[in-house]
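Residue numbers begin at 1 in each chain, while the letters A, B, ... track the order of the sequences. What you see is a predicted model, and the numbers here were worked out from it, not measured in a lab.
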There are 2 protein chains.
Amino acid sequence: MTTSTPLGWVTALERAKGPLGRGSTAERVADVLRVQVADGHIAPGTRLSEETVGAALGVSRNTLREAFRLLAHERLLVHELNRGVFVRTAHADDVAELYRLRRLVEGAAVREVASAPDRAIDEIRRSVEEGEQAAAEQRWPDVATADLHFHRGIVRLAGSPRLEAFMDRIHAELRLAFHTMGDPQRFHAPYVTRNRELLTALQTRDARQAEIHLSVYLGDSERQLLRAFEDVPRT
Amino acid sequence: MTTSTPLGWVTALERAKGPLGRGSTAERVADVLRVQVADGHIAPGTRLSEETVGAALGVSRNTLREAFRLLAHERLLVHELNRGVFVRTAHADDVAELYRLRRLVEGAAVREVASAPDRAIDEIRRSVEEGEQAAAEQRWPDVATADLHFHRGIVRLAGSPRLEAFMDRIHAELRLAFHTMGDPQRFHAPYVTRNRELLTALQTRDARQAEIHLSVYLGDSERQLLRAFEDVPRT
DNA sequence: CTTGATGGATCGTTGAACAATCCATACCGT
DNA sequence: ACGGTATGGATTGTTCAACGATCCATCAAG
């Protein structure tokens with residue numbers, strides 16, 4: 001046994017134990033449903049029957065309902081009394097608000113770049129490279145998730161785990177909006193180079209320039225998505 | 001029957017039915033627990049036994065667990081696997097983050113005052129008067145809630161219900177931190193006049209001035225709370 | 001003082017049960 | 001044909017009882 005680092009290996013254990021003694025069944029069920037919904041494998045508007053899903057995942061109705069409560073609170077699912085839970089379908093109003101929110105929060109986060117640690121910017125750089133790599137190999141789903149990581153990195157500049165968790169949910173809801181529109185994922189390809197530009201602004205701690213890039217990015221992205229909503233004006 | 005306003009009474013019904021045919025039992029349970037906890041009637045750190053609370057509210061354990069999941073997701077309760085749920089106890093770290101968050105979000109919201117409707121500012125004015133009235137009559141708990149309404153009004157300037165809901169939870173969590181410190185509620189009294197100052201800045205759409213007032217307010221409030229944490233350095 | 005064993009209390013999860021609600025269908029009178 | 005209404009099946013809302021798993025305080029032993 002290496003008794004070398006009296007404090008080192010203990011904290012290492014603490015870090016490792018995270019993924020180990022994971023959560024309750026309800027939380028694990030919520031986890032798998034969350035990715036299925038966020039990845040668009042379950043179409044928006046789909047009703048999730050307690051019996052069907054419960055049987056599919058091998059859990060009881062009660063446990064499943066706890067998981068549903070979680071996801072409904074995250075706004076990925078919509079809970080209608082006595083009718084069941086549905087995968088949320090976004091509307092044009094939602095898109096407008098989601099982007100207003102992103103402008104406000106991500107804009108404010110970018111402004112904090114001056115007081116952000118280098119590590120945070122490194123993380124953003126990594127997500128940019130991740131996206132460039134994926135784009136070069138035309139792995140577009142990966143481009144989309146890299147874009148997600150990029151914006152999570154931006155939010156992280158604010159240094160608030162709570163805000164991070166909140167914006168994760170906002171970004172997830174936005175993904176839902178894309179899926180509602182049958183999102184051709186190479187949609188996100190053009191933004192790879194933009195992210196690189198924003199990154200260089202951040203690396204030089206030029207908050208002003210970064211904010212401009214971000215504003216343009218969000219404006220274009222919103223326009224693009226809203227145009228899709230005009231073409232397919234679902235209820 | 002007044003058939004007078006052909007559209008009015010219909011929408012009036014819609015509004016009225018809201019508080020009427022309310023949500024599921026789990027949601028109603030969550031509602032009552034939420035106010036009990038947020039008002040500090042259940043001390044931070046208290047364990048909420050499923051059996052005890054279930055009996056007290058006359059609901060089954062399963063339904064109660066759904067409610068717990070809701071409140072845990074709102075961070076009012078902490079869910080520890082196989083140990084139960086507890087009223088959250090705030091730590092100094094939390095306080096620091098909560099204020100960083102408020103500076104970021106409320107600051108950004110204040111900057112939006114230019115594009116905010118008059119109605120939004122009226123609402124803020126009302127909360128200020130509400131606080132002044134309560135302070136004059138030394139109803140300090142009401143002063144505290146008026147202060148809460150004030151800041152909710154500020155957040156509302158951003159025009160995003162999602163952000164509003166999020167910040168409501170943040171403010172609730174902060175209240176928890178105050179309660180953790182045995183909050184003498186007249187704590188909030190000095191801020192009544194500050195809110196008035198901030199309001200006049202908003203009324204003249206002077207975002208710059210308003211942001212300064214807000215920044216000072218939050219700085220002082222944070223210092224005050226953190227000082228309390230030094231005196232009572234609980235685990 | 002640490003280690004290990006014991007037992008009780010509480011949580012986690014399940015399955016069954018029943019009432020309440022919704023929804024599609026069929027029925028009815030005009 | 002059409003609007004309103006009954007009917008019945010399917011699904012949700014909620015409760016209850018049960019059992020294994022886990023935690024925790026206690027106590028005994030080293």
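Remark: A:R223 engages A:D220 in a side-chain contact (heavy atoms from CB on, under 4.5 Å) (not counting sequence neighbours). In this view, A:Y99 satisfies the ring pair (Phe, Tyr, Trp, His ring centres under 6.0 Å) rule with no residue, not counting sequence neighbours. Residues forming a ring pair (Phe, Tyr, Trp, His ring centres under 6.0 Å) with B:H79 (at least two apart in sequence, or on another chain): none. Qualifying ring pair (Phe, Tyr, Trp, His ring centres under 6.0 Å) partners for A:H73, counting only residues two or more places apart in sequence or in other chains: B:H73. Every residue meeting the ring pair (Phe, Tyr, Trp, His ring centres under 6.0 Å) condition with B:Y191, not counting sequence neighbours, appears here in chain and number order: B:Y217.
Candidate nucleotides D:dT15, C:dC11, D:dG13 were compared by shortest atom distance to the side chain of B:V59, and D:dT15 ranks first. Of the candidates D:dT12, D:dG13, D:dT15, D:dT15 carries the atom nearest the B:S60 side chain, counting heavy atoms from C-beta on. Taking every side-chain heavy atom of A:S49 into account, D:dT12 is the closest of D:dT12, C:dC11, D:dT14.
Place A:N82 and A:T25 on DNA chain C by their nearest nucleotides, and A:T25 ends up nearer the 5' end.
Residues B:E123 and B:R156 have side chains in contact (heavy-atom distance under 4.5 Å, counting atoms from C-beta outward).
At a threshold of 4.0 angstrom between heavy atoms, the contacts of A:G58 are confined to the sugar-phosphate backbone, with no base atom among them.
Within 3.5 Å, no donor on the side chain of A:R83 pairs with an acceptor on the base of D:dG13, nor the reverse.
Rounded to whole angstrom, the span from the CD atom of A:E50 across to the C1' atom of C:dA16 amounts to 15 Å. When rounded to the nearest whole Å, the span between CG of B:L81 and C1' of D:dC23 equals 11 Å. B:R28 places its CZ atom 11 Å from the C1' atom of D:dG13, with the value rounded to the nearest Å. Per the geometry, CD belonging to A:E80 stands 22 Å off P belonging to C:dA20, to the nearest Å. Spacing between atom CZ of A:R61 and atom P of D:dT15 amounts to 13 Å, rounded to whole angstrom units. Rounded to an integer number of Å, the gap from CD of A:E27 to C1' of C:dC11 is 13 Å. One can place CG of B:L57 at 15 Å from C1' of D:dT15, the figure rounded to the nearest angstrom. To the nearest angstrom, P of C:dG15 lies 13 Å from CD of A:E51.
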Evaluation steps, salt bridge (Lys or Arg N to Asp or Glu O under 4.0 Å), between A:D94 and B:R162: CA-CA 10 Å; A:D94 296 314; B:R162 285 166 179 81; 3.0 Å; yes
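Contacts between residues 62-74 of chain B and DNA chain D, defined by a heavy-atom separation under 4.0 Å, are made by B:N62, B:T63.
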